[in-house]
Amino acid sequence: MATSIPVVDFQKYGLHKKNETEITNADLKKIGDKLIAAFDSIGFCYVINHGIPQDLISQIFGVSNTFFDLPTETKMKYVRPKDSDMDHGYVKMEAESLNPERPGDNKEAFDFAPSHQKFWPNKEVPEMKDIFQKFYDECKQMAFRIFDAFTSGLNLEDRNFLRNSHKNIGRDGNCTIIRTNWYPPLPKDGSIKPGQERCGEHSDYGSMTLLFQDGIGGLEVCNKNGDYIPATPVPGAICVNIGDLMQRWTADKLKATKHRVLIPESEVLKNKGRQSIAFFIHPDVDRVITCLDGSDKYKPILASDYLKLRFSLTYL
Ligand SMILES: O=C(O)CCC(=O)C(=O)O
Ligand SMILES: [Fe+2]
């Protein structure tokens, strides 16, 4: 039973390998087996040697930082509308509770959905739009590489099953987004609400999440013993986890693990902000999610109906 977060090495199948067909089935299966073992136990892994350029990762952290540094009135010009179909824009401090039983999360965010993008702070952060689009494209390609290993590890007959279920990523008919999170330094007057966290404990909703963290740390993941353990940032690694829809799809074989970011206890960390960037992957909205093992553990559900249900519970 895993009590720590395993590392999965994509050296043989990262984006630096331009030719996807170069890898042997046996090598892909080896990566897939490690991936599935991680999702079967703790639900999280670190993917190293993924090939997303480090420069681009630094750039998206940089432009996000510039955006969050803007005055609140400016950021509010780009606020994400409450309507859940419009998943693009600025999410203000305490606007959502990832654990609905807690006060609003002590964070800000900016969501980017390519097919719903309407506004960008082009005047204030001119490079933001381009960098987000480039990063989105890289994450999409990486997600497909991970899905190839995934289907191999699950021994699915149709090796393109997960690619085909997500074929509209970045277009209408798919809700995959980039979310950049900003957890500001804590107020000096200590005005944190009872029970408030930087990010309340939750599992993600969709099929899979790619998470990029800065070096500050704070993400914690619940292991099988029910203990939260730190997901300490590994330089250059992507922290990958599966969401509830993937758990349902695999009839609970794989785990959508709860995770959280607490208010830090140390004075040093309280005075520091923290950044993370997530690529939340969802299947195409018209996909009917039916248990892959052929069981009837869960009723088939339309991906879009599932997502609407989950959003209605968290977005205040
Ligand atoms: O900031 C983090 O490390 C985690 C954020 C997260 O879990 C989320 O936005 O779903
Ligand atoms: Fe999450």
Side-chain angles (χ1 to χ4, degrees), residues 5 38-39 42-47 57 60-61 64-65 67-68 80 84 87-102 104-113 132 135-136 139 143 175-186 196-223 228-247 254-264 269-270 272-282 307 310-311 313-316:
I5 300 174
F39 293 148
I42 196 157
F44 270 75
C45 65
Y46 294 109
V47 166
I57 299 174
I60 190 167
F61 273 89
S64 299
N65 194 23
F67 175 77
F68 290 120
R80 172 180 160 158
S84 68
D87 44 9
H88 178 91
Y90 174 59
V91 179
K92 70 180 192 326
M93 178 55 116
E94 298 183 349
E96 65 173 29
S97 297
L98 282 181
N99 177 348
E101 289 172 10
R102 292 188 179 277
D105 290 343
N106 197 274
K107 68 156 190 248
E108 302 172 46
F110 187 94
D111 292 341
F112 165 48
F132 269 64
F135 187 73
Y136 191 104
C139 287
C175 301
T176 298
I177 62 163
I178 289 181
R179 160 167 285 199
T180 180
N181 286 307
W182 170 236
Y183 306 93
L186 297 166
Q196 192 173 32
E197 293 180 356
R198 275 186 154 166
C199 168
E201 53 277 65
H202 67 283
S203 43
D204 293 342
Y205 310 159
S207 40
M208 192 167 74
T209 304
L210 310 187
L211 184 81
F212 301 77
Q213 336 180 37
D214 66 12
I216 298 288
L219 174 64
E220 294 183 345
V221 169
C222 192
N223 70 13
Y228 276 89
I229 59 163
T232 308
V234 171
I238 314 175
C239 195
V240 181
N241 64 291
I242 62 151
D244 296 325
L245 201 58
M246 185 62 85
Q247 176 169 335
L254 304 184
K255 307 293 173 310
T257 302
K258 286 217 170 27
H259 50 284
R260 67 185 184 191
V261 183
L262 294 185
I263 302 284
L269 289 181
K270 275 188 180 151
K272 285 200 169 140
R274 173 175 183 269
Q275 275 186 278
S276 69
I277 298 175
F279 186 65
F280 291 118
I281 304 160
H282 295 279
L307 190 60
R310 292 298 306 267
F311 266 126
L313 297 175
T314 36
Y315 205 58
L316 307 179

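Just so you know, ligand 1 is whichever comes first in the structure, and atom 1 is the first atom listed for that ligand.
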Between Met93 and Pro184, what is the shortest heavy-atom contact and its length?
CE-CG, 3.6 Å
Taking all non-hydrogen atoms of both residues, which atom of Ala38 and which atom of Phe44 are closest, and how far apart?
CB-O, 3.7 Å
Are Arg260 and ligand 1 in contact, using a heavy-atom cut-off of under 4.0 Å?
no
Note: Cys139 and Leu210 closest approach over all heavy atoms is O-CD1, 3.8 Å
Check: Tyr90 ring centroid to Phe67 ring centroid under 6.0 Å
yes
Distance under 4.0 Å to a non-hydrogen atom of Ser276: what atoms of ligand 1 satisfy this?
1 (O), 2 (C), 3 (O)
More than 12 heavy atoms of other residues, nucleotides or ligands under 6.0 Å from NZ of Lys272: is that the case?
no
Exercise: identify the closest heavy-atom pair between Ser203 and Ala256
CB-O, 3.7 Å
Reference residue His259; test side-chain hydrogen bond (donor to acceptor under 3.5 Å, both in side chains); the match among Glu220, Glu201, His202:
His202
Which residues and atoms, protein N, O or S only, are under 2.8 Å from the Fe ion (ligand 2)?
His202 NE2, Asp204 OD1, His259 NE2
Note the single closest protein heavy atom to atom 3 (O) of ligand 1, along with its residue, its atom name and the distance in Å.
Arg274 NH2, 2.8 Å
Counting from 1 in the order shown, the ligand 1 atoms closer than 4.0 Å to a non-hydrogen atom of Val261 are 1 (O), 2 (C), 3 (O)
Can you check whether Ile216's main-chain N or O pairs, donor with acceptor, with Asp214's side chain at less than 3.5 Å?
yes
Tell me the contacting part of Leu211 for ligand 1: side chain, backbone, both, or neither, using a 4.0 Å heavy-atom threshold, strictly below.
side chain
Does His259 reach ligand 1, in the sense of a heavy atom lying below 4.0 Å from it?
yes
Are the side chain of Gln275 and the backbone of Ser64 linked by a donor-acceptor contact shorter than 3.5 Å?
no
Per-atom filter on ligand 1: closer than 4.0 angstrom to a heavy atom of Asn181 are 5 (C), 9 (O)
Could you tell me whether the side chain of Tyr205 and the main chain of Phe280 form a donor-acceptor pair under 3.5 Å?
no
In terms of residue, atom name and distance, what is the protein heavy atom nearest to atom 5 (C) of ligand 1?
Tyr183 OH, 3.5 Å
Nearest-0.5 Å distance, OG1 of residue Thr180 to CD1 of residue Ile277
4.0 Å
among protein heavy atoms, the one nearest atom 10 (O) of ligand 1 is His202 NE2, 3.0 Å
For Phe280, atoms of ligand 1 separated by under 4.0 Å from a heavy atom:
8 (C), 9 (O), 10 (O)
Proximal candidate to atom 4 (C) of ligand 1 [heavy atom criterion; set Thr180, Leu219, Thr209]
Leu219
Note: ligand 1 atoms sitting under 4.0 Å from heavy atoms of Asp204 are 10 (O)
Non-hydrogen side-chain atoms of Ile263 and Arg198 separated by less than 4.5 Å
yes
